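Here's the structure we're looking at; comments come further down.
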Amino acid sequence: MSHQAIRFELIMDAGNGAQKAGDILIGAFAKRGNYVYIEPMIPAEISPPKRTPYSMSGVVIRVADYDISNIGSGTDLMIVEHEILLDRRLIDKEYLPGSIVLLDLGDEAKNKEAYQQAKDKAIQAGLNLITFNMDDEAKKVMGELGGNGKNMFYLGMLTKIFNVSREQLETNIRSTFKKLPEEKLKLNLFIFDSGYRCASEMPVSFEIAAHPIEGDKLLMDGNTAISMGIIDAGIKMYCGYPITPASSIMHVLAKQFPQYGGMVHQAEDEISAIGSAIGSYYAGVPSVTATAGPGISLKQEFIGLATSTETPLIVIDVMRGGPSTGLPTKTEQSDLYTAIFGCHGDNTKVVLSVANVTDCFYAPHVARYLTEKLRVPVIVLSDYLSSVSYKVFERPALVEMNSVDDIPHTVLARFGLKPLGPVEMVKDDQSVPGEVGHTRRVTGLNTSSTGQIAYTSDSNIRSHDVRNQKIQVVREAFLTPEFIGDASGDVLVVAWGSTLGSLEEGVMMLRKEGLKVSGLHLKVVYPLPMMLKDLLKNFKHVITAEVAYGDNYKSSPLAMLLRAETLVDVKSTIGEPSGRPITPQEIVTKVKEVL
Amino acid sequence: MSHQAIRFELIMDAGNGAQKAGDILIGAFAKRGNYVYIEPMIPAEISPPKRTPYSMSGVVIRVADYDISNIGSGTDLMIVEHEILLDRRLIDKEYLPGSIVLLDLGDEAKNKEAYQQAKDKAIQAGLNLITFNMDDEAKKVMGELGGNGKNMFYLGMLTKIFNVSREQLETNIRSTFKKLPEEKLKLNLFIFDSGYRCASEMPVSFEIAAHPIEGDKLLMDGNTAISMGIIDAGIKMYCGYPITPASSIMHVLAKQFPQYGGMVHQAEDEISAIGSAIGSYYAGVPSVTATAGPGISLKQEFIGLATSTETPLIVIDVMRGGPSTGLPTKTEQSDLYTAIFGCHGDNTKVVLSVANVTDCFYAPHVARYLTEKLRVPVIVLSDYLSSVSYKVFERPALVEMNSVDDIPHTVLARFGLKPLGPVEMVKDDQSVPGEVGHTRRVTGLNTSSTGQIAYTSDSNIRSHDVRNQKIQVVREAFLTPEFIGDASGDVLVVAWGSTLGSLEEGVMMLRKEGLKVSGLHLKVVYPLPMMLKDLLKNFKHVITAEVAYGDNYKSSPLAMLLRAETLVDVKSTIGEPSGRPITPQEIVTKVKEVL
Amino acid sequence: MALATETKFTLKDYKAADPRWCTGCGDYGILVALRRFMADKQLNPASVVNISGIGCSGRIPHYMNTYGIHSIHGRAIPVAMGISLARPDLQLFIESGDGDALSIGGNHLIHGINKNFNCVFVMMDNQIYGLTKNQTSPTTRQGLATNTQPQGSWLKPINPVQFAMGLGASFVASTAEWLTSHIVEVIEAAYAHKGFSFVHVAQRCPKFNPTAWEAKESNWYSFLQHEKGVKADTKYGPDAAIIEHDPSDLGQAFKYAMMDHKHFGVYYQDTSKACYDDIVRSATDKAVKQPRSGLLDRFKI
Amino acid sequence: MALATETKFTLKDYKAADPRWCTGCGDYGILVALRRFMADKQLNPASVVNISGIGCSGRIPHYMNTYGIHSIHGRAIPVAMGISLARPDLQLFIESGDGDALSIGGNHLIHGINKNFNCVFVMMDNQIYGLTKNQTSPTTRQGLATNTQPQGSWLKPINPVQFAMGLGASFVASTAEWLTSHIVEVIEAAYAHKGFSFVHVAQRCPKFNPTAWEAKESNWYSFLQHEKGVKADTKYGPDAAIIEHDPSDLGQAFKYAMMDHKHFGVYYQDTSKACYDDIVRSATDKAVKQPRSGLLDRFKI
Ligand SMILES: Cc1ncc(C[n+]2csc(CCOP(=O)(O)OP(=O)(O)O)c2C)c(N)n1
Ligand SMILES: Cc1ncc(C[n+]2csc(CCOP(=O)(O)OP(=O)(O)O)c2C)c(N)n1
Ligand code: SF4
Ligand code: SF4
Ligand SMILES: [Mg+2]
Ligand SMILES: [Mg+2]
């Protein structure tokens, strides 16, 4: 068989190393010239008891011979460690009809009946079930490794099934475990080989064409890309408080930032973190704070202070399932409202969203540019999916930004923007501490243009006008948004954030069928381009794709904004708060229902 | 002269007793059968230095021989203590053409030039300037009172000017100062008499018809009404943290609540206050928390917890000027967004607004009914204007609510609602601690219907569906909204909250001119009635009146909601973040511009 | 809301869902201790409320077959405060982590201690952020490399016992999850105390902070023992010194609290400190009651 | 950002807008003391930042002709923390009220003290919420009737000096706004100290709490005097006892802190406590620098 793109999964109990195995494997895929996109599957608890449904952990990997932007619509093949996980994973219905399930019978003795039920369930679901068993020698070696190493067996299987070079794998295993004593390494390699052999006897094999990848390619997840972007954007201060799935930005920076002259400050809570970010920027040192879910709610009061004092502020919100603690390790796009409207009083801010790793890298540059030019808060919305998924992508050009005027127009254009026109400030003096003759005080109270407290109507109206005029400056800096497909037709699907990949693929599938469907993706989600109304009018139906709740009366967040701004009957047709990304197939199916 | 309604002001330095004088006077007005509406003017500082613009303090009083609902469009007469305050107050342009200014020349010696300038300014503004001086004897008595008592002089003047009974006034003064030694009281009365005499020699006199007021009338401000409503609604716990203009709810309850079995808990901050309110309600004791501006931002995370755990929660937000610290003692309606959308994740809640003192009294009942039936947070939006203004109004019928099923349908109808239909919960068990055999845990994580933590897609989707269905139950309980005027026409003005009074009066003025203008006022501001779309379509123009920012691209909050829900081109035409209420005249003027 | 009293509750009656902690996690010991204590004291599960913040520690309420609120990070105390005012008939247990209690939740802890409302506050101290995967907490050992301070944690840790003492807590004790009977006795003493009973529990996190508490050795700590306090646990801490310490001796309690050497037992107890919940409630109880029918009379013009 | 150094700054150079406090408010004295201290030390107004929360106390920055942030209620410390990490060349003064510091802002105070970043923290203690008009604060005298506790404030007040000591502050002093030279000297000593210098200032609020501090009498307090600390103020406090107290004596400092009798002066100073801002900054300074041009190389496949 030869495939353009294939998606497979390795599902194991948490703590058994599925993610490590996946990392090693995709390194080899990438090396030989495949594009890959990985989404780890992480339980909300650290290491829940094994052989329970909540212990499900693993990786979903999509490999292709072309640049892929999303995890795909369904799984072609999965290796599952035991029956409980199979049973659990089948609930999600993410398999393709007729796809292959390789079930390890290793635990069969523990619960024969349950195994049978899980197997029956898989077969009833129309899956192609194949069972296997580790050979006794591999099991013995696992014993010597203290029960570890099963992931190496599965890795061997996958290496064989996907016809990846065994040598490359060995090299990768060696470099991954380079701290391990040679003896232990050998045992791991032994298990790997057993797995390889095991798969050789199976009637399962996939061939994915591999071209030598041109140019300079990187492999990175979204949060790492944001961290690197922060460094490249010349930001020098990170203030944060740990929270899933934002924490890894802080982790990466904690290691790397000092080498580039930056500092990481772990505050006592999210409120303190944003306060320190504001202090740093007031003092002239570009800073950023990142958070998720509950953290963005806590930061709202300080966001208002930044607005009022005209202090630059960048807040990154890596969205997860809500409301409240919600689903901390699942993806969602429900923080758009809180990002735009969360703070009391009139809100003026810019909200960016990131579609992929490259966007993650450049979002800090654009955020810094906007917040320093406008002196209004800039919120960057990423999400769980973007934060943990990593993919092979073209090396982005470094900016090595020192001043915001260094920003390349191409970077702004990536977010649909041209350079901003002139911006008026509420307060005339915007000097930085240390500037002699410029001492100035800022306050959350209303002020006149001199910065003095002012309670009169005209002064308060002026402050509101000036701040809102800044947002108008952004509206005037929009490039005409580009469509996926034509600028008119039967259905337009509008999306934002990490949904881009599936949007592109879904729309392309529909267009291949000759349907008049187009896509539109927004990276600046607030404010919206003024020409949107005219653009949307050229379609019979406009619907959005968002991983968020929406019904006939309550629109999903972007749909609601679009309706209010354009008065077009935009429907929130695609997406639900499922914790899982929207797939290309979902887009295809839902659009067809509309047509 | 005989007037139906007249508005006058007493403007003094903060701390000089203008509000006290106003209170005494309106007591007498009310007694003789007038309707009154008072708006105090309070500086953001406690007692800023006298003879400065920021020291401006006072009362605006509207008196009429019919029930009035707002402070009116402009001032007919003002007494001003000195030139700086005159200069300051003229900036606000709230006077009517040709209206009377009585300027005390007592400070003229301090700055003759400035006096002259202020006088010129008043005359240029077309005002009818009359100057006066306290007689020497009165001044001497003031000296004996340690410089106090000037407010009594002005009170005497006003008593004469408005032909209120001198005897009634004396009775009121005596009861107000009942703790004062008779000797001092006499001195105050002496000054009062001097003022009375002073005004007798002026060519200024207003006659306001007074009918014996029928039925039982009360005089109360909005925050007191909310406090009384809390008691009558059977709520037993108030948790709060001081913040202007919400604090006085806590002050009133701190004094009264224990006598009705309630408790007031002053927490260390707003976050803690709402947490304790949730704890109390979880434990089965109805509770409420009130706040303003920054406080509502801080409470967002806990609001999400109440949503997720299905714990009843009532939050009162007395809106003030924003963003950030903003204008703490000015009115605004800019927290609508944060009330609806402030928390991260998908939000399901009900937002009420209050139009007047009677609404303030019944809002706690309705909020309690909704939050206990739906187990979603209910936010009540009041504002600075409602909180401090007081008026004569008909005594509301007590409910003496114990269970929410006691609520009279008339009380729901006042907020445009019928009783709710059946409501499904995310969690089947909603028992209260102490109920044997029902131990249950709640959590911010997603759960199944049994209350167990659940991370699966279907379970998370179900929780969202069930919560949003609750909001649908509210949508289905709406009565058809009633119009001020006809159900179709050229212009419909939609408003919410404290703008009702001006809306009614403004629309009536327009209709008297034969214009096809109607008004619509919403008390439940989220969700909105489903039939709105059909209702709005019957007007050529639909505009909103909101004390909030709005421009051609960014709608004011209610306008934006209406646009999104109805796709009608609702414009945010009337109102600005001026810190001052919208006047009937403003409505008239702006509607005419639209026509 | 009648409470059943005749039933005999067994350990099983306090058990709800199966825990999802890592193998070897010290939280299991704390969970079991809470259940054992409740069974010993025959607490009615229906009148117990466990209230927690967020963290591995925050999961306790899910596993206890009582009422419970798994609230938000750092803010279990405000929720418990509200319950305590509303329902003095309930028994409140607050479970919190070192990050939950001392980092984000520090202010509520100050005011919980200061208000001295009646509850047992259990601080599960693994000296690390567990649930968010290995970040420095206020009690993390100086020098320990974590995900947020990989160069080694910067600061000297906050000593929770000293912290609580410094804020004037009316009951301060420390124990360890592996001291299976000591911990139960400490919880018992904390429960018997009326007011905010601060219980520090040394808790192992084999996943992220395996070097934090050396449960196998016992020579690095001592027991504070007293008839008014609790007994030493010679079975699980055979090599620990035993010090007689009267919990009413504030000065001495401070000294033990401030030492580098660790002490388990009851440091301090002050039975005279007023409880805010009592004060507020009794002000309401004592107020001369008015009928609601006359509520609006004084506003009549 | 060159700083002018040659100029001679006079009192006037530190004066911005006219204050808007009530007549007789003690905040005037604190404002003047800050200006006097800065003039004495010839601080460059352009390199000073005053950071405050919300309250009558929070208005100080507006009246000082320096840089300043009038931030949000209770959260001046986080803002100052950010500045201190970013710009060690600036001189930071934080002004906070008793409510701002100890009620809503308590957690930031804990962590400010613990992190010991370099700043002067001035707590203006009028034992009441001034700006919001007469509510009980954490330092309000028990029994005082306020708008929120009209029956008389419920709890024993928190003692701010004891609070700071208990949390391990590296510098703790107390003074009063009416001790016009003592307050300047205390600020001077606080400024000279590297780290988080906690300065408690007794402040009169004639408007809402006129009985709080009896400035006319001086027999109810004593001065702690020492060559390492500050001198007694015999002019404004003629009847106050004078006690020699070495600020490095922790135990004795605690004793004075815990007494009901009030002491003005420097209670405690520990010059050895590490400063978090130094640690974080020096880790960055010491890190081997990498050119940004190679930033992405290690992600190459
Ligand atoms: C407002 C908020 N901030 C951050 C988080 C993320 N978070 C969850 S638990 C935790 C800290 C856990 O540490 P600790 O309190 O010591 O508990 P442990 O897991 O170690 O038991 C953090 C930061 C959150 N859930 N909510
Ligand atoms: C988040 C928030 N909560 C409440 C307030 C209202 N508020 C302003 S100042 C203040 C307390 C003032 O007391 P204190 O800190 O002692 O300062 P003082 O006015 O006495 O100097 C409060 C509660 C606010 N501005 N912001
Ligand atoms: S991470 Fe640590 S504290 Fe959390 S469950 Fe695992 S071992 Fe226990
Ligand atoms: S209220 Fe008190 S603290 Fe505030 S300005 Fe007036 S006297 Fe000063
Ligand atoms: Mg911990
Ligand atoms: Mg104060």
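By convention in this document, chain letters (A, B, ...) are assigned in the order of the sequence lines, proteins followed by strands, and residues within each chain are numbered from 1. Basis for what follows: all heavy atoms, side chains included, without hydrogens, waters or symmetry-related copies. Here the structure is a predicted model, which is why all the values come from computation and not from measurement.
Other residues, nucleotides and ligands contribute at most 12 non-hydrogen atoms within 6.0 Å of the NZ atom of A:K255. No more than 12 heavy atoms of other residues, nucleotides or ligands sit less than 6.0 Å from atom NZ of A:K31. Within 6.0 Å of the NZ atom in D:K41, the count of heavy atoms belonging to other residues, nucleotides or ligands does not exceed 12. Counting non-hydrogen atoms of neighbouring residues, nucleotides and ligands closer than 6.0 angstrom, the CD atom of A:E400 exceeds 12 such neighbours.
Using a distance-only test at 3.5 Å, with no hydrogens or angles considered, a donor-acceptor pair links the side chain of A:S276 to the main chain of D:P78. Counting only distance, with no hydrogens or angles, the side chain of A:R441 and the backbone of D:T66 share a donor-acceptor pair below 3.5 Å. Between the side chain of D:R292 and the backbone N or O of A:M401, at least one donor-acceptor pair lies under 3.5 Å. Side chain of D:T284 to main chain of A:G262: a donor-acceptor pair is present (N/O by atom type, distance under 3.5 Å, no hydrogens or angles). At distances below 3.5 Å, at least one donor-acceptor pair connects side-chain atoms of D:R87 with backbone N or O atoms of A:P433.
Both the backbone and the side chain of D:S293 come within contact range of chain A, each with at least one heavy atom under 4.5 Å from a heavy atom of that chain. Contact of D:R281 with chain A is made through backbone and side chain together, with heavy-atom distances under 4.5 Å. Using a 4.5 Å cut-off between heavy atoms, D:V280 contacts chain A through both its backbone and its side chain. Of the two parts of D:D285, neither the backbone nor the side chain holds a non-hydrogen atom closer than 4.5 Å to a non-hydrogen atom of chain A. Looking at D:K286, there are no atoms closer than 4.5 Å to chain A (heavy atoms on both sides), in backbone or side chain.
Contact annotation: the side chain of D:I110 never approaches that of A:E268 to less than 4.5 Å [non-hydrogen atoms, C-beta and beyond]. Side chains of A:M228 and D:L296 form a contact here, defined as non-hydrogen atoms less than 4.5 Å apart. For the pair D:R75 and A:L305, the minimum side-chain heavy-atom distance is 4.5 Å or more. Contact of the A:R395 side chain with the D:F299 side chain is not registered, since no non-hydrogen atoms from C-beta on lie closer than 4.5 Å.
Note on A:H265, A:M237, A:H438, A:M220: by heavy-atom pairs under 4.5 Å with chain D, the leading option is A:H265. With respect to chain D, the highest number of heavy-atom pairs below 4.5 Å among A:Q256, A:R440, A:K236 belongs to A:R440. Interface remark: of the candidates A:I278, A:V285, A:T311, A:I274, A:V285 forms the most heavy-atom pairs closer than 4.5 Å to chain D. Of the residues considered (D:S71, D:A17, D:A76, D:S52), D:S71 shows the highest number of contacts with chain A, using heavy-atom pairs under 4.5 Å. The residue among A:A225, A:S431, A:A267 with the most heavy atom pairs within less than 4.5 Å of chain D is A:S431.
In this structure, the separation between CD1 on D:I301 and CZ on A:F29 is 13.0 Å, given to the nearest 0.5 Å.
The minimum heavy-atom distance between D:I83 and A:Y282, with the atom names listed, is CD1-CD2, 4.3 Å. When all heavy atoms of A:L445 and D:R59 are compared, the closest pair comes out as CD1-NH2, 3.8 Å. For the pair A:G434 and D:L90, the tightest heavy-atom approach, listed with the atom from each and the gap, is N-CD2, 4.3 Å. Taking both residues in full, the closest heavy atoms of D:A287 and A:Q259 are given as CB-N, 4.0 Å, listed atom of the first, atom of the second, then distance. Nearest approach of D:Y276 to A:V264, heavy atoms of both residues: OH-O, 4.4 Å.
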